[in-house]
Structures are given as C-alpha cells and as structure tokens.
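Lettering of chains follows the sequences in order, A, B, ..., and the numbering in each one begins at 1.
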Amino acid sequence: MQVLIDNYHLYLRGLGTTLQICLYAGLLTLVVGTFIAGCRVAPLTPLRAFGTAWVTVFRNCPLAVVLFFMAFGIPALGVNASYFVFGTIGLALYTSAFVCEAIRSGINAVSPGQAEAARSVGLGFGQTLRLVILPQAVRSIIPPLGSVMIAMIKNSAIAGAFGIGGDLYAVGIRQSSAQGEAIIPVLVGVALGYLIITIPAGLLLSYVERKVAIAR
Amino acid sequence: MSESVLYEAPGPRAKLRARYASAATGLVLLAVFAWVIYRLALAGEFTYDKWGPLIDPGNENFTPLWTLLGRGLVNTLLAAGWSILFSLVIGTILALTRVTAAAWYRWAVVGVIELLRGTPVVVLIFFAYQALPVMGIDLPVMWSLVIGLTAYNCVIIAEIVRAGIDSLPKGQSEAAYAVGMRRGQVMVNVLLPQAFRAMLPALISQLVVVLKDTSLGFTISYPEFVQRGETAIENLGNPIQLYLFIALIFIVINYTLSKVAVYTERRLSRSRRSAATEEPESAAATGD
C-alpha cells in the first residue's frame, strides 16, 4: 500500500482529470441527448427516423469501437484535435443514446390521463405542458438519468485506456506497466478512486429518488 | 403517448403544414448526409484500395481479412458465452444467499455487489489480467477477460434475479410451504423457475452488454473482433472502412438480440397474468 501513500497526488490528479472528462462529456451528452429525444417525439417523420437511427447505432455499438473511430478514423479525414477532445466527444455521443431513452421514457411515463384531465379543465397546450406534464416528467427522469451518468463515469475509464493522459485509469496503467509498481495496490487504488465517485453518487441518487418519487 | 392528448387532432391545414415541414427536414438531413459523403470522397475514402479487401472476393487480401475477422468474431462470441454462463451461475448463487442467508452474511454479499458494481469493467478486466499471475494463477488470456466480465456482470445478474424473485406473488412460497416443502425446495422448485421466466428479457438484454464489453479485450491483447480489426488496419491502412464494418456487425447482432428480448417480453406478458411488478434497473438501459 506504500505505493498509494507515496503517489497519492498522482491518484488525486487522476481523479480530477476523470471528473473533468465526465463534466465536459456530461454537459455535451445532456445537450445532444435532449436534442435526439426531441427528434424522437417530433411530429415530423424524417426527424423521428434520424433519432431512431442515432439511438440504434450508439446503443448497439461498443464504446471501444466508437472511441477507436474517434481516435483513428476522424484524424484520417484530416480533422485534428487532442485525444482529450476526441475521447470526450466519443464518450458523450455514446452516452447520448442512453440519455435520449431516459428522457423519452420519462415523458412517456406521465399517464395520458394527466394531460386529458388538464385539457378537460380548460388548460391550453402550453399550460398543460408547463404545469402538469413537465413537472411530473422531470421527477421520473431523475433516477434513470442518474444511472446513465454513473455508467458514464465508469465508462470514462475506457477513454483512459485509449490514452487520455492522466485520468484515473491511465495513472494506474502507467504505474503498473511503465514504473513496475506492485500491481495489486495500484489497481486497488484505481478501483477506490472510482468507488469514491460512484458509491456516493448512487446513494445520493436513491435519496433523491425517494424524495421526488410520485405515487402513481 | 402523452403528446397526442396535449393538443387537438390536426386538421387538414395543420396536416399539410406538417407534410411540408417533413419534406424540408428530410431535405436538410439528406444534404448533411451528402456533405459527409462528399468530404469522405474528397479524403479518398472510396477508393478500391480501401474497400476492395472488404467487398471484392477477387482481391488478394479478401480471404485473409475475412478469416482474420471471422476468427476474431468467434473469439468474441466465445468469451461472451463463457462470461454470461458464469455470470448466470454465480449471480444466481449471490441472489440466493442475499435472499436467504443470515443478516451479517447478507451485508457482506451486498458489500461485494456494491464494490463490483461501482468499479469500471475495464479496470476489473485489467485487474484479472495483471493480478492473477501475481497470485500464482496463470491462465490463457481469454480467461482473464472472462473473469473480469463475470465479476462485473454476475452482480448485475444477481440483482436481476433478486428482483425476479421479489416480483413473485407471496402466495407462491406460502403455498409451497403449506404442502410441506423445505426452504431449499421452495426456492429451487417454485420460485427460481418463475423468476427466471420473468427475468428472461432482462437477461437477454444483458447479453448485449456482455457482447459489447467483450471488445475491451483489446486492452489485454485478447484477439477478439475489434482487436483483430486493429491488426487488419495496421496492414491495410483503412481505419474508417473497417471500423464502419465492425460497428455494423455489432449493431446487427445486438439489434437482433434486443428484438428477441422485446419479443420474449411480449410473449411472457401475454401468457402471465401477474407480470413482474418492478423491473430492475438493467445495465442495458444505462449503457454500462
């Protein structure tokens, strides 16, 4: 365990980089995922088809393939950026399919009776959406969306495997492979780093879930 | 669908407007697509050099490439198959101990489940690959991958099975106890078969996750589908074509599997009066 104590600053920095990747990818994936969800419920057929195709592709394609494509396919087209940018975008694109489905399921989970009741007491389209549907949809979106985000944090390790330098996973690989440190403490340290993020996030999520749950 | 009741059914004018808007968005999407194709053509991505090995049986590289990728796919399916088999067995045992065992033991099981669930699968695979030899266990590289995937997925399957058991009506076990069955018999003969039936769709979806995660074998140089693709790209220099092809194969297989899951779900819910009340959160829905 001496390795961990001696190199704690490396692990802390790795944790920071992992959180940074997740922050950027998280924001991007929320924007893209919401947009795709909008496409999927849109009244226009081409948009719906586009949304469905997007979700089918990114849900069924391994993240590793998406990241390989970002790492080697896109530069072959003459677009250049650091791998931090490519990896983060790849992670966000992959996650957006799951964000989209979480949002869509949230909207669909509001029972039609709610909207019918709102209509029947004379609320207009905007009022129905703003006062009745959306508040309920948002609450049922939180749990699945949170799970998607936790999954994304764990998946960011795969981006590290591609050589986003300095994230938690990459730090571990570097220490064990290049510097020949004893493997077990190093990997325990890496795993601990992720657990520090994912377990509290999971607890927070179930707390919020209990708080906002709606009896249906 | 809640949207449909948000506003009145569209009249003839609104319908016409929707049709124009559809045509316009369709054109915009087509234009974007055409632009991508144009950029690809400009970068020389449609040359025979790059596509020939994939699509022309007369090409000298065609047979070696397809053999290489074919073997890779077989290795992927093999690792995924073993992983799901082990995950099922271990996951079921975990679920049973969690449901039946004494309190302190149950907490230990819950702890293990949380630890394995919160660690990225790629870390677990790497751990299995690097740590097992240190502990004096030398296994072929496929088993490192299988052990990593099993460690990650058995806890998810344990949760799926537990939710399946929880979803059964209480009367099932009460009736079984009433006719004189023991605890183990109730579990094995009455509860588990029904739980598996209820959870079959979730289990099939989990297969998709395992199949996708098998591609992480590249981190430990297991010659699976994606890793073989890498080797081919090094020799042929056509990353875009091969990644598109690999992605396509994965999408076709996984899409088919998810359709099977949906179909099974529909069949089961039609024949069962008491459908599973609470669906567990499967990894398939979160992109784990």
Side-chain angles (χ1 to χ4, degrees), chain A residues 41 43-47 50 56-57 59-66 68-69 72-73 76-78 94-95 97-98 101-102 107-108 110-112 114-116 119 125 128-129 133 144 147-148 150-152 154-158 161 169 172-173 176 182-184 187 190-191 194-195 198-199 202, chain B residues 1-7 10 18 21-23 25-29 39-40 43 45 114-115 117-124 126-127 130-131 134-135 208 211-216 218-219 226 229-230 233 239-240 243-244 246-247 250-255 258 281 283-288:
Chain A
V41 296
L44 306 180
T45 320
L47 278 185
F50 171 69
T56 309
V57 166
R59 233 180 18 167
N60 292 312
C61 184
L63 177 58
V65 174
V66 175
F68 265 123
F69 195 88
F72 302 109
L77 286 177
Y94 175 82
T95 315
F98 299 94
E101 290 306 90
I107 295 175
N108 285 338
V110 181
S111 75
Q114 296 287 329
E116 283 166 5
R119 296 283 309 166
F125 170 73
T128 309
L129 202 61
I133 302 298
S147 309
V148 169
I150 293 177
M152 192 193 71
K154 289 187 288 172
N155 280 337
S156 76
I158 301 173
Y169 182 72
I173 297 281
S176 71
I183 180 68
I184 292 176
L187 280 173
V190 171
Y194 283 102
L195 291 173
T198 53
I199 289 184
Chain B
M1 291 292 278
S2 55
E3 289 83 33
S4 54
V5 285
L6 287 174
Y7 39 79
S22 291
T25 22
L27 281 178
V28 170
L29 284 174
R39 280 302 300 263
L40 285 172
E45 294 298 335
E114 286 303 321
L115 287 185
R117 233 170 37 151
T119 314
V121 60
V122 66
V123 172
L124 291 173
F126 197 69
F127 200 103
Q130 296 249 294
V134 174
M135 295 188 247
V208 173
L211 208 57
K212 285 201 300 184
D213 285 349
T214 311
S215 64
L216 295 173
F218 85 89
T219 53
V226 178
E230 272 300 282
I233 288 165
I240 293 187
Y243 289 132
L244 286 180
I246 290 170
F250 267 110
I251 291 167
V252 168
I253 296 176
N254 289 335
Y255 186 71
S258 15
E281 201 168 84
T286 57
D288 235 315

*Asks:* Sequence neighbours excluded, which residues qualify as salt bridge (charged side-chain N to carboxylate O under 4.0 Å, His left out) partners of A/Lys154?
*Replies:* B/Asp288
*Asks:* Which one, A/Leu187, A/Ile199, A/Leu63, A/Val190, leads in non-hydrogen pairs under 4.5 Å with chain B?
*Replies:* A/Leu187
*Asks:* Quick one: does A/Phe69's side chain get under 4.5 Å of B/Leu244's, heavy atoms only?
*Replies:* yes
*Asks:* Tell me, side chain or backbone of B/Leu211 under 4.5 Å from chain A's heavy atoms, or both, or neither?
*Replies:* neither
*Asks:* Quick check against the 3.5 Å criterion: does B/Lys212 have a side-chain atom that pairs as donor or acceptor with the backbone of A/Arg59?
*Replies:* yes
*Asks:* Which heavy atom in A/Leu44 sits nearest to a heavy atom in B/Ala18, and how many Å separate them?
*Replies:* CD2-O, 3.6 Å
*Asks:* Quick one: sort the A/Tyr169 and B/Phe126 rings into parallel, tilted or perpendicular, breaks at 30° and 60°.
*Replies:* perpendicular
*Asks:* With rounding to the nearest 0.5 angstrom, report the CG to CG distance, A/Leu47 to B/Leu29.
*Replies:* 6.0 Å
*Asks:* Just give me the residue among B/Asp213, B/Val28, B/Ile240, B/Val252 that pairs up with chain A most often, heavy atom to heavy atom, under 4.5 Å.
*Replies:* B/Ile240
*Asks:* Take B/Val226 and A/Phe68, measure what side-chain contact (heavy atoms from CB on, under 4.5 Å) needs, and give me the verdict at the end.
*Replies:* CA-CA 9 Å; B/Val226 178; A/Phe68 265 123; 3.4 Å; yes
*Asks:* Which atoms form the tightest heavy-atom contact between A/Thr56 and B/Tyr255, and what is the distance?
*Replies:* CG2-CD1, 3.5 Å
*Asks:* For B/Glu230, give me all partners under salt bridge (charged side-chain N to carboxylate O under 4.0 Å, His left out), at least two apart in sequence or on another chain.
*Replies:* none
*Asks:* Tell me the closest heavy-atom pair linking A/Pro46 and B/Ser22, and the distance in Å.
*Replies:* CG-O, 3.1 Å
*Asks:* Please give me the minimum heavy-atom distance between A/Pro62 and B/Ser215, naming the atom from each residue.
*Replies:* CB-OG, 3.3 Å
*Asks:* Closest heavy-atom contact between B/Asn254 and A/Asn60?
*Replies:* ND2-O, 2.8 Å
*Asks:* With chain A as the partner, which of B/Val123, B/Thr214, B/Val208 has the greatest number of non-hydrogen pairs under 4.5 Å?
*Replies:* B/Val123
*Asks:* I need the minimum non-hydrogen distance between A/Tyr194 and B/Gly118, along with the two atoms involved.
*Replies:* CB-O, 4.0 Å
*Asks:* For chain A, find which of B/Thr119, B/Ile251, B/Ile253 contributes the most heavy-atom pairs closer than 4.5 angstrom.
*Replies:* B/Ile251
*Asks:* As an exercise, state the distance from CZ of B/Arg117 to CG of A/Leu195, rounded to the nearest 0.5 Å.
*Replies:* 12.0 Å
